[in-house]
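To find a chain, count down the sequence lines: A is the first, B the second, and so on, and within it residues start at 1.
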Protein chains: 2
Amino acid sequence: MILRSNERRRAATIIDVAQHANVSVGTVSRYLNGITVRQPKREAIDKAIAALRYNRNAVAKAMRTDRTNMVALLVPGYDEFFAEILASLTRGLAAEGQVLLTHKHEGDPKALALAIEFFQNHRVNAIVTPGVSEVRQQVQAMVDHGIPVVFFNNDVADMPVDRVFSKNFEASRQAVKHLIDIGHRRIAHIAGDRRETTGHERQRGYLQALDDAGIAADPRYIVGGTWKRQDANIAIMQLMQLPEPPTAIFTANYVLALAVIDYCRQHNIALGEDLSLLSFDDVELFRQMHPGVTAVAQPASAIGEAISEVVLGHINGIHPAAPRTVMLDCNIILRQTTQPPRA
Amino acid sequence: MILRSNERRRAATIIDVAQHANVSVGTVSRYLNGITVRQPKREAIDKAIAALRYNRNAVAKAMRTDRTNMVALLVPGYDEFFAEILASLTRGLAAEGQVLLTHKHEGDPKALALAIEFFQNHRVNAIVTPGVSEVRQQVQAMVDHGIPVVFFNNDVADMPVDRVFSKNFEASRQAVKHLIDIGHRRIAHIAGDRRETTGHERQRGYLQALDDAGIAADPRYIVGGTWKRQDANIAIMQLMQLPEPPTAIFTANYVLALAVIDYCRQHNIALGEDLSLLSFDDVELFRQMHPGVTAVAQPASAIGEAISEVVLGHINGIHPAAPRTVMLDCNIILRQTTQPPRA
DNA sequence: TTGAAAGCGCTAACAT
DNA sequence: ATGTTAGCGCTTTCAA
């Protein structure tokens with residue numbers, strides 16, 4: 001008979017093991033869960049498990065206990081930032097026997113909502129995701145069902161969830177302060193989406209730094225307003241066509257910086273010398289390029305660790321219901337694209 | 001009373017719905033699974049579901065049916081290549097109601113083995129992973145249990161699994177042929193790990209192209225042998241210190257190419273003009289750089305689509321047990337680092 | 001088409 | 001420390 005690939009051979013169950021080892025299922029279960037069992041039985045069980053190639057059915061366990069050992073991470077995509085968070089989060093959770101499942105939704109709120117429901121139905125122990133206002137309802141439902149939710153990177157206000165963020169405002173403020181310190185006065189900002197806290201906070205930091213230095217913000221120097229490369233291409237053109245173009249630019253993320261870099265290459269503008277550039281988000285490209293791009297590096301590993309700490313706290317039942325917020329410092333990595341302006 | 005975050009409110013079950021709608025649980029279940037139910041009952045059930053905010057417990061369903069709607073992807077990390085495959089795979093599976101769970105194991109065979117066991121125990125519908133010889137046993141166990149496994153990117157011989165690969169050998173052969181066609185004779189290869197089929201096949205393609213052109217392979221021109229940046233740094237140094245250094249280099253992946261690029265920058269060697277470079281794997285960096293790096297682009301999207309087709313075939317019970325192998329063509333993207341050698 | 005009930009594999013409460 | 005057994009929420013067979 002031809003065994004079709006979707007007809008699975010019946011797997012051994014805990015009952016088979018119990019019979020083979022001549023003990024009760026309860027004993028096997030307890031042994032499997034680390035509760036003390038006397039030596040001879042232990043051996044018999046071990047032998048039975050090996051002989052029958054027994055694998056505990058995790059689904060049945062989850063069904064019984066209403067808990068799994070899965071934590072879900074929902075991301076729009078895997079850029080360097082997310083990938084690094086993911087790495088440290090995976091490690092942190094694995095140390096406590098939790099497995100991180102990642103799901104990518106490409107920024108589509110519908111896909112995100114579906115994913116949240118899916119993971120809720122599968123009883124994951126926690127969900128980690130950037131805050132997205134479109135899924136307030138689903139997130140609230142999760143929390144109501146007692147499944148902890150952790151926001152990172154982007155926030156949505158007034159939700160009873162835990163939060164781990166880097167200090168977008170402070171880091172942006174310091175970044176722009178650096179530009180001011182080395183002599184720039186005409187500093188532009190290519191902004192991200194201000195409806196998201198990341199975009200909003202980074203622009204706020206920019207404005208604050210100007211204000212701190214007593215420099216009046218010039219609305220013509222604030223351009224962009226989306227995370228799209230296309231729009232940044234337009235934004236940089238607008239800036240450079242100004243009667244008095246800026247001598248320095250602070251971009252809200254690395255994609256926007258790429259637009260500036262390309263523009264400069266096409267127009268023979270020497271970055272650093274003719275025009276300073278400082279970008280939020282530090283990526284491999286910025287290290288490889290010549291001149292290297294000065295950038296705000298988010299502490300991705302630390303973010304991942306903080307998230308796993310918060311999540312594990314919930315799973316182990318340490319934290320009370322009151323949501324925790326962790327704010328982490330960024331570093332500004334000085335490279336060659338930030339130089340004093342020409343005299 | 002303070003509700004601790006890990007005390008979940010009891011969620012509505014199918015029984016609650018049945019009572020609320022005044023029908024039997026069987027009827028609710030059938031309705032939920034798309035089996036015809038008469039109009040008035042349908043309405044009552046819908047109303048009950050809405051009123052009780054019922055969500056089907058996916059764990060219980062999986063327990064009963066011994067099937068989930070999850071497919072697991074195991075990757076060492078998220079580089080551009082994997083990220084793109086992932087994107088198209090996620091889409092392809094979502095179209096058929098399957099959710100892709102990604103797990104990253106950082107190339108650690110132990111972590112990989114654990115992950116495979118984990119997903120097996122959780123009854124995923126399929127596992128997608130690069131072939132890794134260290135986990136033959138676990139993979140065999142999966143297949144024995146009737147869970148289809150799909151290898152991609154890297155192969156392990158003699159395993160009863162499905163396979164989706166790009167044509168490493170053919171693409172490498174063509175790439176090196178291009179270098180020969182534009183006039184190069186002293187062509188070096190910085191090899192990857194030859195114990196992996198990717199590394200092996202790429203070197204084989206290199207040798208074949210030389211042979212095709214009647215050029216004797218010079219063992220001094222074949223260096224490296226790991227995927228590590230460190231080793232590539234040494235490899236490129238070895239090559240350039242040769243009495244007759246190569247005029248062109250074919251690297252087995254993009255990390256190895258970075259070593260060449262850095263070396264050239266440090267030694268003021270003009271890529272393209274002084275030394276041609278052609279790399280396997282096309283990455284964003286190669287597009288952004290000046291000069292742009294000529295590269296072999298793997299058809300990542302097509303790979304993802306092929307994988308989802310194979311997986312869905314299994315899930316829908318179309319394929320027979322005989323494993324399928326899909327081989328996909330690569331493209332060579334010409335940029336500025338491959339020029340005729342100096343006269 | 002519908003209801004009643006068995007049972008998927010496991011854990012945990014209870015009894016010993 | 002160990003055996004016995006109820007029951008987690010669902011699907012599916014069997015009857016009606």
Quiz item: If every non-hydrogen atom of B/Val124 is compared with every non-hydrogen atom of B/Ile147, which pair is closest and at what distance?
Solution: O-CG2, 3.7 Å
Quiz item: Does the side chain of A/Asn125 come under 3.5 Å of the side chain of A/His314 through a donor N or O and an acceptor N or O?
Solution: no
Quiz prompt | Donor on one side chain, acceptor on other, A/Asn153 and A/Arg163, under 3.5 Å | solution = no
Practice problem: For A/Val37, report the nucleic acid contact type (base, sugar-phosphate, nothing); a contact means any heavy atom under 4.0 Å. | Solution: sugar-phosphate
Quiz item: If you count the non-hydrogen atoms of other residues, nucleotides and ligands that lie under 6.0 Å from CD in B/Gln137, is the total more than 12?
Solution: no
Can you check the [X] [atom1] to [N] [atom2] distance for me, whole Å?
X: B/Asp66; N: C/dC8; atom1: CG; atom2: C1'; answer: 8 Å
X: A/Ile49; N: C/dC10; atom1: CD1; atom2: C1'; answer: 14 Å
X: A/Tyr31; N: D/dG3; atom1: OH; atom2: C1'; answer: 19 Å
X: B/Arg42; N: C/dT1; atom1: CZ; atom2: P; answer: 11 Å
X: A/Ile45; N: D/dG3; atom1: CD1; atom2: C1'; answer: 12 Å

Quiz item: Does a salt bridge link A/Arg91 with A/Glu305, judged by any charged N lying under 4.0 Å from a carboxylate O?
Solution: no
Quiz item: Are the side chains of A/Phe165 and A/Leu328 in touch, meaning some heavy atoms are under 4.5 Å apart?
Solution: no
Quiz prompt | Annotated protein contacts, base or backbone, on nucleotides 6-16 of chain D with a non-hydrogen cut-off under 4.0 Å, one of B, S, - each | solution = BBBBBBBB---
Quiz item: Between the two end axes of the helix from C/dT1-D/dA16 to C/dT16-D/dA1, each built from 5 base pairs, what angle do you get to the nearest 10°?
Solution: 30°
Quiz prompt | B/Phe152: ring-ring contact (aromatic ring centres under 6.0 Å, His included) partners, not counting sequence neighbours | solution = B/Phe82
Exercise. Decide salt bridge (charged side-chain N to carboxylate O under 4.0 Å, His left out) for A/Lys110 and A/Glu134; before the verdict, give the C-alpha distance in whole Å, the side-chain angles of both, and the deciding distance to 0.1 Å.
Key: CA-CA 9 Å; A/Lys110 264 191 207 128; A/Glu134 282 94 334; over 6 Å; no
